[in-house]
Amino acid sequence: MTVESVFPRLEALLPHVQKPIQYVGGELNSTVKEWDAADVRWALMYPDAYEVGLPNQGVMILYEVLNEREDVLAERTYSVWPDLEELMRKHDVPQFTVDAHRPVKAFDVFGVSFSTELGYTNLLTALDLAGIPLEAADRTEDDPVVIAGGHAAFNPEPIADFVDCAVLGDGEQAVLQITDVVKAWKAEGRPGGRDELLFRLARTGGVYVPRFYDVHYLADGRIERVVPNRSGVPWRVTKHTVMDLDEWPYPKQPLVPLAETVHERMSVEIFRGCTRGCRFCQAGMITRPVRERSITGIGDMVEKGLKATGFEEVGLLSLSSADHTEIGDIAKGLADRYEEEKIGLSLPSTRVDAFNVDLANELTRNGRRSGLTFAPEGGSERLRKVINKMVSEEDLIRTVATAYGNGWRQVKLYFMCGLPTETDEDVLQIAEMAKKVIAKGREVSGRNDIRCTVSIGGFVPKPHTPFQWAPQLSSADTDARLAKLRDAIRSDKRYGRAIGFRYHDGKPGIVEGLLSRGDRRIGRVIKAVYEDGGRFDGWREHFSYDRWMRAAGALAGTGVDVDWYTTRERGYEEVLPWDHLDSGLDKDWMWEDWQDALDEVELDDCRWTPCFDCGVCPSQSTEIQIGPTGKKLLPLTVVNK
Amino acid sequence: MQRIRLRYTKRGRLRFTSHRDFQRAFERALRRSAVPMAYSAGFTPHPKVSYANAAPTGTASEAEYLEIALAEHRDPEELRAALDASLPDGLDITEAVEARTSGLAERLQASIWELRLPGVAAADAADAVEVFLGRESVEVERRTKNGVRSFDTRAAVASFTAESPATPATSEQANRSDGAPCAILRLVVRHQTPAVRPDDVLSGLRATADLATPVPPEVTRLAQGPFDEETGSVADPLASDRTAPSRAAEAQLSGSA
Ligand code: SF4
């Protein structure tokens with residue numbers, strides 16, 4: 001069965017929408033394969049606008065890994081903006097891929113990567129536009145298997161009604177395993193239909209199929225237990241971990257769009273995982289252990305990637321890039337190598353230490369020294385012990401002194417508000433810190449025009465972290481606390497004008513909290529929001545708190561409500577909605593770490609101190625993979641001259 | 001420093017590329033093909049590229065022009081082939097000549113446009129064109145950044161004819177063989193300020209002759225260049241670069257004299 005391109009019908013709509021180029025595909029290094037030549041066909045989605053979704057590394061990697069296989073075809077699809085959605089509904093144009101403009105419904109597998117829960121309503125929009133029933137239970141053999149991945153998939157319970165499967169962890173090998181299962185089932189003539197395919201996927205132990213698990217609730221609304229309802233599916237589903245990143249140098253051919261996107265650069269992931277142990281950080285907890293790409297592997301990817309793309313900037317990505325064991329040599333080696341060609345290097349790192357400033361200096365050798373960002377995260381020393389962010393005020397002042405002394409004019413400080421045990425006093429310390437930063441800056445630079453921006457994010461407790469039991473601060477309390485901080489900064493005559501203050505109100509955080517730690521009962525809320533017009537919830541101009549609270553009325557009769565999910569503290573015995581999903585972290589270890597947090601006890605990084613038994617390595621048969629390799633980056637010989 | 005003038009296209013679905021999008025794509029192609037660009041001076045040096053009179057987003061073109069400055073000498077044809085291979089299909093580099101004259105931008109005096117109107121019968125379109133041409137002036141409105149402005153579209157139109165639909169299609173949509181009517185118009189517009197674009201002329205047709213286009217028209221620039229008021233023809237803007245003696249040849253001549 002060959003599938004027709006919807007492009008001719010779409011093309012007629014494009015002159016009427018904003019930035020039509022985002023819907024036409026044709027990106028450099030994209031792949032269009034013949035439909036009939038493939039045994040298994042994947043539609044991959046990043047459920048946000050093209051400008052955000054295209055640069056997403058996860059989707060880009062899986063797209064390439066899948067397309068490298070001859071028997072597989074993978075195409076990409078993104079959320080369409082409301083202007084096009086309206087026209088597509090009016091003219092009956094289904095959700096399409098941007099590669100060959102094939103209807104998403106025609107694919108075997110529809111994989112959706114969620115880096116945030118705020119993409120859930122966009123999943124529903126895409127399913128509906130695709131003509132795929134919203135509820136997994138209503139789907140037939142003609143519908144693709146809908147699989148969720150990405151960080152949010154570590155608690156897919158809120159979207160359990162809408163997805164057929166969820167996959168935890170690294171996707172590179174997982175997508176190939178899933179492909180094999182689908183291929184075999186199709187080759188055998190689809191025995192047992194959709195149910196059998198899902199069962200075969202569940203049986204692998206690495207694919208969570210919500211329909212094979214029943215959730216029982218206690219009278220007080222808490223979960224009693226989650227049990228398989230079919231023999232042969234595992235009690236717990238484990239995450240996937242790719243070892244030896246040098247064997248997975250993807251993306252080899254990064255996509256280069258014609259449309260403008262949020263990241264106009266190519267990215268190389270220099271390591272995966274983080275064991276600094278910040279207790280609020282889900283990304284750090286669920287991606288353990290640390291696995292470094294070698295310095296030579298990085299050098300290779302940068303060189304090939306630049307040749308394949310023509311980008312002018314390379315981002316060296318990871319959760320804390322200054323932590324790579326050979327980052328000094330990497331930064332220097334790349335800066336030397338690309339000085340002539342005017343290639344910019346960037347490295348996301350907010351570590352509060354002088355070494356981080358040295359690195360930034362290296363990367364801006366002949367560029368402008370505008371701003372540096374540091375993330376102490378907690379305002380007071382006490383709070384930083386609670387969250388295990390080991391930065392003293394002295395460290396910070398010394399670091400900013402180095403920064404201002406090296407010609408940086410702007411320092412940005414990142415904090416969170418609403419952390420466990422936090423009081424107004426902890427947050428007001430942020431103002432004191434910012435003032436000391438400016439005072440020190442004026443002293444070392446001898447100038448009055450230096451600035452410091454304080455940027456504050458609301459803390460949202462996340463599954464699979466030691467703070468998964470913590471109460472979230474209500475939005476009213478968050479707003480009140482931040483108002484006090486703002487006043488404390490503004491009212492200061494000597495320093496107030498040199499300090500910028502950026503924060504958001506607490507409401508979106510409550511919705512994020514509801515979705516993060518929600519269970520299957522939240523599905524009806526998501527659906528009600530979608531039906532009420534909710535789209536692009538990650539965008540301030542589209543997000544509506546009132547719409548979410550209206551929709552939360554769908555919880556009536558369950559005995560639980562928004563507060564129950566967000567501001568309520570959980571106890572040790574409570575069965576959490578994601579307990580049957582195994583991130584490798586030992587629940588007892590997490591509980592002890594939570595108790596340590598309350599006692600203000602810190603924990604070291606297992607990269608430099610002995611293993612503290614978080615549980616990941618033994619349960620997943622993984623190990624820390626770090627350097628140093630002792631190798632250096634060699635300058636490239638220029639062949640063109 | 002060598003300057004090279006390029007002619008390029010925006011075809012098919014890539015006609016939705018905006019000029020900014022094209023600039024980014026082109027500058028990346030320069031890097032991928034390791035073209036030895038000359039850079040501007042200053043704190044953030046930019047490769048020296050000058051673009052001339054780009055077609056609006058959503059409009060296809062067979063005749064866009066730009067000029068690049070190289071730090072080292074290159075064979076124009078080799079350069080063209082390398083850049084063309086490096087750009088996506090649809091953004092094609094079709095000609096390259098060494099700049100031997102000044103004033104490319106000034107030579108772009110008029111454009112020939114092809115307007116395909118799917119769903120419009122050829123006879124209806126021809127009638128509308130006749131009404132349009134019969135007017136002294138045709139005022140239309142266009143929404144700009146500074147609000148709605150109104151201006152004349154008639155004076156800039158040098159010629160306007162309806163063609164038989166036998167001409168080969170230039171776009172994917174027109175390739176559809178569903179037998180629906182599709183009128184094809186050929187329009188020559190002088191470049192002036194305020195610029196009169198094909199969609200302004202279409203607004204003019206709508207205003208004067210009530211011509212409705214059920215499907216978005218497909219517009220392609222076929223050529224732009226020096227305009228001959230007498231014959232009404234649009235010439236090749238790179239012709240004078242081709243015929244002028246090359247600087248290398250000049251140097252040789254003076255050397256042998
Ligand atoms: S198991 Fe030990 S070595 Fe492995 S990530 Fe956890 S603490 Fe580190």
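Heavy-atom basis, side chains included; hydrogens, waters and symmetry copies ignored. Reminder, nothing fancy here: chain letters follow the sequence lines and each chain counts from 1.
- Ranked by heavy-atom pairs shorter than 4.5 Å toward chain A, the options B:L30, B:D21, B:D89, B:L87 are led by B:D21.
- Few gaps surround CD on B:E77; more than 12 heavy atoms of other groups in view lie less than 6.0 Å from it.
- Of the inter-residue distances, the one linking B:T57 atom OG1 with A:L14 atom CG reads 12.5 Å to the nearest 0.5 angstrom.
- Residues B:V215 and A:A12 approach most closely at CG1-CB, 4.2 Å, considering heavy atoms.
- Under a cut-off of 6.0 angstrom, the local environment of CZ in B:R186 is sparse, with at most 12 non-hydrogen atoms contributed by other residues, nucleotides or ligands.
- Within the structure, the salt bridge (charged side-chain N to carboxylate O under 4.0 Å, His left out) test picks out the following pairs touching residues 31-52 of chain B (sequence neighbours left out): A:E312-B:R31.
- The contact between B:L91 and chain A is made entirely by side chain atoms (from C-beta outward), counting heavy-atom distances below 4.5 Å.
- Open room surrounds NZ on A:K412; 12 or fewer heavy atoms of other groups in view lie less than 6.0 Å from it.
- Of the atoms belonging to A:S30, not a single heavy atom falls under 4.5 Å from chain B.
- Summarising the local packing, CZ of B:R20 is surrounded by 12 or fewer heavy atoms from other residues, nucleotides or ligands at distances under 6.0 Å.
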Show the atom names and distances, to 0.1 Å, of all donor-acceptor pairs under 3.5 Å that link a side chain in residues 202-212 of chain B to residues at least two apart or in another chain.
from, atom 1, to, atom 2, distance (Å)
B:S203, OG, B:D199, O, 2.9
B:T208, OG1, B:G204, O, 2.7

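- No more than 12 heavy atoms of other residues, nucleotides or ligands shown are found within 6.0 angstrom of CD on A:E4.
- The shortest heavy-atom contact between B:F16 and A:I21 is O-CB, 3.4 Å.
- Taking the side chain to side chain donor-acceptor pair (under 3.5 Å) definition, one finds that B:Y39 meets it with nothing, sequence neighbours left out.
- Within the 4.5 Å cutoff, the side chain of B:H46 has no heavy atoms near those of the A:K342 side chain.
- Within the 4.5 angstrom heavy-atom criterion, only side-chain atoms of A:H101, from C-beta onward, approach chain B.
- Residues of residues 254-262 of chain A that come closer than 4.5 Å to chain B, counting heavy atoms only, are A:V256, A:P257, A:L258, A:A259, A:E260, ordered by residue number.
- Residue B:S18 does not touch chain A at all, counting heavy-atom pairs closer than 4.5 Å.
- Both tests do not hold together for B:R28 against A:F311: distance to the six-membered ring centre under 6.0 Å, angle to the ring axis within 45°.
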